[in-house]
Engineer: 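Attaching a single structure in structure tokens format; questions to follow.
We're numbering straight along the sequence, starting at 1.
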Amino acid sequence: MPLVFTRRHEFLKYIKEQKEKRNSIGFVPTMGALHAGHAQLIKQSKNENNCTVVSIFVNPKQFGPTEDFAKYPRTFQNDIDLIESIGAEAVFCPTVEEMYPNNFNTQVSVSGITEVLCGAYRPGHFNGVTTVVLLLMNLVQADRMYLGQKDFQQVQVVKKMVLDLVHTTNIIMVPTVREEDGLALSSRNRYLSPEARQIATAVPKSLAAAAKLFLQGETNVTKLLKASRQELNKFQLEPQYLEFRKISDLTIKFENTIQEETVLAIAQFIDSNDSKVRLIDNVILDNNSTNKQSLEDLISRAFR
Ligand code: PAF
């Protein structure tokens, strides 16, 4: 059973003990509703550190007024069971009041790369993310922090914050875990009705279609987008965004030809039971052998 901390001061005492024992600390920040994607992050942290801390905190600051904070899935006992099965040492699950006492006045904000892609449609979202992540990082004092590639922009934003503020925690991006048919694992997938779940396969298919052409040598944005959109059109889906961006500077959008270091990112709403489920996903378009393998894996799942 992992040690479970809800209070900052008790958790800090535990961290101090780990430091005194010279244990390396791996940190997996989460909002709970854990799935196999989180399990992958926790496993990698277990492999690379003496002590793994998982945080569970549904952060109100990163949800907009019309977003799903209140109904965000909370599955605490399942989360603890999963964490225990992997063998993480500690869980930090503070209340909102514990994280943000009344006089909490600080906001961490990264400019530029937070204003495109998801940031263009979710004002304030990344300020909420960077504020909570820096606060958590300062509490955990980890050697390494693990984030999933599915939230690609989040990873780049956190990396930039860490670089700018000279934080000493290493940020490690872990590849997206996918279902058999290519759908990226996400806590929000549970909102999908069976029909909507079927339609959602168009999202990985749209990425796989572009990836397939890319692996054949295509770099023309119009042609890549056409292949991608064809998959969405089959279900009359119009993406919120579907864009080729430069990885090291997401403010740069490729309009004609994709260059080195390209990510293709998508956000797509899927209608499900009178509500709309927002899914995001991405692929890195790079020919190096590890990435090529993950593109081939996506293609074979999406078009099986
Ligand atoms: O990716 C998430 O689950 C959240 O954005 C994070 C990093 C835990 C911050 O609340």
Engineer: Can Asp249 and Thr251 be counted as having a side-chain donor-acceptor contact under 3.5 angstrom?
Structural biologist: yes
Engineer: Would you check if there is a donor-acceptor pair between the side chains of Tyr100 and Asn59 at a distance under 3.5 Å?
Structural biologist: yes
Engineer: Is the Phe5 ring parallel, tilted or perpendicular to the Tyr14 ring (thresholds 30°, 60°)?
Structural biologist: tilted
Engineer: Closest heavy-atom contact between Thr169 and Arg144?
Structural biologist: CG2-C, 3.8 Å
Engineer: May I ask you to check if Arg74 and Phe69 form a cation-pi contact, with NZ or CZ under 6.0 angstrom from the six-membered ring centre and within 45° of the axis?
Structural biologist: yes
Engineer: Given a cutoff of under 4.5 Å between side-chain heavy atoms of I, L, V, M, F, W and Y, with clusters grown through shared members, what are the other residues clustered with Leu163?
Structural biologist: none
Engineer: Is it the case that the side chains of Asp297 and Gln293 hold a donor-acceptor pair, with the cut-off being a distance below 3.5 Å and no angle test?
Structural biologist: no
Engineer: Work out which heavy atom in Phe235 is nearest to a heavy atom in Ile199; give both atom names and the distance.
Structural biologist: CD2-CG1, 3.8 Å
Engineer: Taking everything shown except Arg304 itself, do over 12 heavy atoms lie less than 6.0 Å from its CZ?
Structural biologist: yes
Engineer: With sequence neighbours excluded, tell me which residues meet salt bridge (Lys or Arg N to Asp or Glu O under 4.0 Å) with Lys276.
Structural biologist: Asp271
Engineer: Would a distance-only check, ignoring hydrogens and angles, find a side-chain to backbone donor-acceptor pair under 3.5 Å from Ser85 to Leu82?
Structural biologist: yes
Engineer: Of all the heavy-atom pairs spanning Thr106 and Thr131, show the shortest one and how long it is.
Structural biologist: O-CG2, 3.7 Å
